[in-house]
Every structure is written in structure tokens, then in C-alpha cells.
Amino acid sequence: MFEEFVKDRITQLRLQKGVSEYQMSYDLGHSRGYIYNISSGKALPPLKEFFAICDYFEITPQEFFDTSMENPVLIQKAINGMKQLSEDDLLMLLGIINRMLK
């Protein structure tokens, strides 16, 4: 069950990023079939490589395993942007979010 989740989550995040298995393998410094082997269930990444995959997607390991986040990369980018806002701007943004949730 765990193996299925990892391969499916990597595939989901890869597709959201818009990169091929080959490109992701290359970007991570591996042979062209590296991500294919993970996505097909033939292999699992070692812990060090799992952290590299999380870095590649610009997410934390916690965000990787949090299935309530459909697109953790966009959420992380939004959080990083919000960290730069003033308190007044954050309150305005919170008001917009609350209105959209109604």
C-alpha cells in the first residue's frame, strides 16, 4: 500500500510540474529510466533520493504525504509569497480567502 502511494504521488506531482519521467530522471542526475522504475512500482527511492525528489518539487516530506493538499507546490509558493506581505495585506488576503470559501 505504501509503495503504491509513493509511486502515485510522484506521478501526480510530476504531471503537475509538467515534466516527463525522462526529464525528471535527468534533472535528478539519474539514468533515463530512474523515475519510470519508481512510477511503475519496480523500485522505491532510498531516503536520500526521496528528499531530493521533495526538493525537486519544492515541497517538504510532510507535504508529500499530505493527501489533503491537491497541489502542494502552488500552496507552498503562495505561503512563500505571503511571508513577504505586511500585516495589513495579510488581513486583506485573509478577508478575500474567507469570502471565497463562503
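Everything quoted here is computed from the prediction, not taken from an experiment. Only this structure's heavy atoms are used, side chains among them; waters, hydrogens and symmetry mates stay out. Along the sequence shown, residues are numbered consecutively beginning with 1.
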Quick one: does Glu58's side chain get under 4.5 Å of Pro72's, heavy atoms only?
-> no
Working to the nearest 0.5 Å, report the span between CG of Leu44 and CZ of Phe2.
-> 6.5 Å
Where do Ser39 and Lys7 come nearest, in terms of heavy atoms and distance?
-> O-CD, 3.5 Å
Please round to the nearest 0.5 Å and tell me the distance separating atom SG of Cys54 and atom CZ of Phe65.
-> 7.0 Å
Run the side chain to side chain contact (heavy atoms under 4.5 Å, CB included) check on Leu13 and Asn71 step by step: do they pass?
-> CA-CA 8 Å; Leu13 294 169; Asn71 198 327; 5.9 Å; no
Could you tell me which residues satisfy ring pair (Phe, Tyr, Trp, His ring centres under 6.0 Å) with Tyr34, sequence neighbours excluded, listed by chain and number?
-> His30
Contacts satisfying salt bridge (charged side-chain N to carboxylate O under 4.0 Å, His left out) that involve residues 13-32 (not counting sequence neighbours) are Arg14-Glu21
Please name all residues satisfying side chain to side chain contact (heavy atoms under 4.5 Å, CB included) with Leu15, sequence neighbours left out, ordered by chain then number.
-> Thr11
Same cluster for Phe5 and Val73 if Ile/Leu/Val/Met/Phe/Trp/Tyr side chains link at under 4.5 Å?
-> yes
Sorted by chain and number, sequence neighbours left out, side chain to side chain donor-acceptor pair (under 3.5 Å) with Gln12 holds for Arg9
Rounded to the nearest 0.5 Å, how far does CG of Leu74 lie from CD1 of Ile79?
-> 11.0 Å
With Ala52, which residues qualify under side chain to side chain contact (heavy atoms under 4.5 Å, CB included), at least two apart?
-> Leu28, Glu49
Name all residues meeting the side chain to side chain contact (heavy atoms under 4.5 Å, CB included) criterion together with Asp8; count only those two or more places apart in sequence or in a different chain, and write none if there are none.
-> Glu4
Straight-line distance of Ile53 CD1 to Ile10 CD1, nearest 0.5 Å = 4.0 Å
Remaining members of hydrophobic cluster (4.5 Å side-chain criterion), Tyr36 | none
Interatomic distance, Ile97 atom CD1 to Leu101 atom CG [nearest 0.5 angstrom] = 7.5 Å
What closest approach, in Å, do Gly33 and Ser25 show between heavy atoms, and which atom pair accounts for it?
-> C-OG, 4.3 Å
Give, for atom CE of Met82 and atom CD1 of Ile75, the distance between the pair rounded to the nearest 0.5 Å.
-> 9.5 Å
Residue pairs meeting side-chain hydrogen bond (donor to acceptor under 3.5 Å, both in side chains), one or both in residues 77-87, sequence neighbours left out, come to Gln76-Asn80, Ser86-Asp89
Residues joined to Leu91 in its hydrophobic cluster, side chain to side chain under 4.5 Å directly or through other members, sorted by chain and number, are none
Qualifying residues under side chain to side chain contact (heavy atoms under 4.5 Å, CB included), relative to Leu47, sequence neighbours excluded | Phe50, Phe51
